Amino acid sequence: MEYRLITLSNGHLCLEFEEVDLPKVVGTIVELFGTPAVRKEILCELWAFAGGEFMYYREWDPCLVALSVDSNEVLQNLHSTLRNRL
């Protein structure tokens with residue numbers, strides 16, 4: 001039940017979490033920003049919420065990757081809220 005916020009080489013943020021925490025992550029997104037719009041792609045899903053776009057990817061640990069600088073701030077807020085609720 002750990003939430004990790006990682007800075008990628010392109011400067012975008014990635015929020016990693018455990019598979020069992022997916023319902024908490026989605027619930028917190030809905031509570032803070034409303035229901036995300038989800039578009040399925042071949043290898044991932046693209047989620048849109050809070051004016052940003054994110055790639056949801058599940059190779060090892062599930063993660064949300066910010067696709068813009070504005071999305072970085074949204075992930076920082078989401079990460080902070082999730083950690084405060086531990």
Side-chain angles (χ1 to χ4, degrees):
M1 183 151 59
E2 181 182 343
Y3 303 100
R4 296 167 299 281
L5 195 62
I6 299 165
T7 302
L8 303 176
S9 60
N10 64 2
H12 294 253
L13 296 179
C14 173
L15 175 65
E16 292 184 343
F17 49 91
E18 303 295 326
E19 184 75 33
V20 297
D21 292 321
L22 180 59
K24 291 178 189 173
V25 171
V26 172
T28 303
I29 290 169
V30 170
E31 179 185 326
L32 296 176
F33 311 112
T35 302
V38 177
R39 188 173 81 225
K40 294 187 183 286
E41 299 291 329
I42 293 172
L43 297 175
C44 66
E45 294 178 354
L46 294 179
W47 292 14
F49 58 91
E53 229 184 6
F54 308 85
M55 180 177 63
Y56 173 66
Y57 191 69
R58 293 168 56 181
E59 185 171 356
W60 293 285
D61 289 329
C63 65
L64 278 174
V65 178
L67 298 181
S68 70
V69 174
D70 291 337
S71 299
N72 280 350
E73 187 175 326
V74 175
L75 276 191
Q76 287 173 327
N77 292 337
L78 178 59
H79 177 253
S80 178
T81 300
L82 288 166
R83 289 189 49 93
N84 287 336
R85 294 181 177 181
L86 288 179

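Not measured: the values here are computed from a predicted model.
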Minimum heavy-atom distance [X]-[Y], with the two atoms named:
{"X": "Gly11", "Y": "Asn72", "value": "O-ND2, 3.1 Å"}
{"X": "Tyr3", "Y": "His79", "value": "O-NE2, 3.1 Å"}
{"X": "Leu75", "Y": "Ala66", "value": "CD1-N, 3.7 Å"}

To the nearest 0.5 Å, how far apart are [atom1] in [X] and [atom2] in [Y]?
{"X": "Asn77", "Y": "Ile29", "atom1": "CG", "atom2": "CD1", "answer": "12.0 Å"}
{"X": "Glu53", "Y": "Ser71", "atom1": "CD", "atom2": "OG", "answer": "7.5 Å"}
{"X": "Phe33", "Y": "Leu78", "atom1": "CZ", "atom2": "CG", "answer": "6.0 Å"}
{"X": "Leu64", "Y": "Leu15", "atom1": "CG", "atom2": "CG", "answer": "6.0 Å"}

| Counting heavy atoms not belonging to Arg4, are there more than 12 under 6.0 Å from its CZ? |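 Result for CZ/Arg4: enclosed.
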| request: Step through the shown structure and confirm whether more than 12 heavy atoms of other residues, nucleotides or ligands are within 6.0 Å of CD on Glu73. | output: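 Counting neighbours around CD of Glu73, 12 or fewer heavy atoms of other residues, nucleotides or ligands fall under 6.0 Å, so no.
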Could you tell me whether the side chain of [X] and the main chain of [Y] form a donor-acceptor pair under 3.5 Å?
{"X": "Ser80", "Y": "Gln76", "result": "no"}
{"X": "Asp70", "Y": "Gly52", "result": "no"}
{"X": "His12", "Y": "Thr7", "result": "no"}

Enumerate donor-acceptor pairs with a distance under 3.5 Å from any side-chain N or O in residues 34-46 to protein atoms, sequence neighbours excluded.
{"residue": "Arg39", "atom": "NE", "partner": "Glu41", "partner atom": "OE2", "Å": "2.9"}
{"residue": "Arg39", "atom": "NH2", "partner": "Glu41", "partner atom": "OE2", "Å": "3.4"}
{"residue": "Lys40", "atom": "NZ", "partner": "Glu45", "partner atom": "OE2", "Å": "2.9"}
{"residue": "Glu45", "atom": "OE1", "partner": "Trp47", "partner atom": "NE1", "Å": "2.9"}

| query | Parallel, tilted or perpendicular: which fits the ring planes of Phe17 and Tyr56, with parallel below 30° and perpendicular above 60°? | reply | parallel
| Are Phe54 and Val30 grouped together when hydrophobic residues (ILVMFWY) are joined by side-chain heavy atoms under 4.5 angstrom apart? | yes
| query | Mind checking whether Leu8 and Leu13 sit in one hydrophobic cluster, side chains of I, L, V, M, F, W, Y counted as touching below 4.5 Å? | reply | no
| field | Name of the residue among Thr28, Leu5, Asp21 meeting side chain to side chain contact (heavy atoms under 4.5 Å, CB included) with Leu82 | value |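 That would be Thr28.
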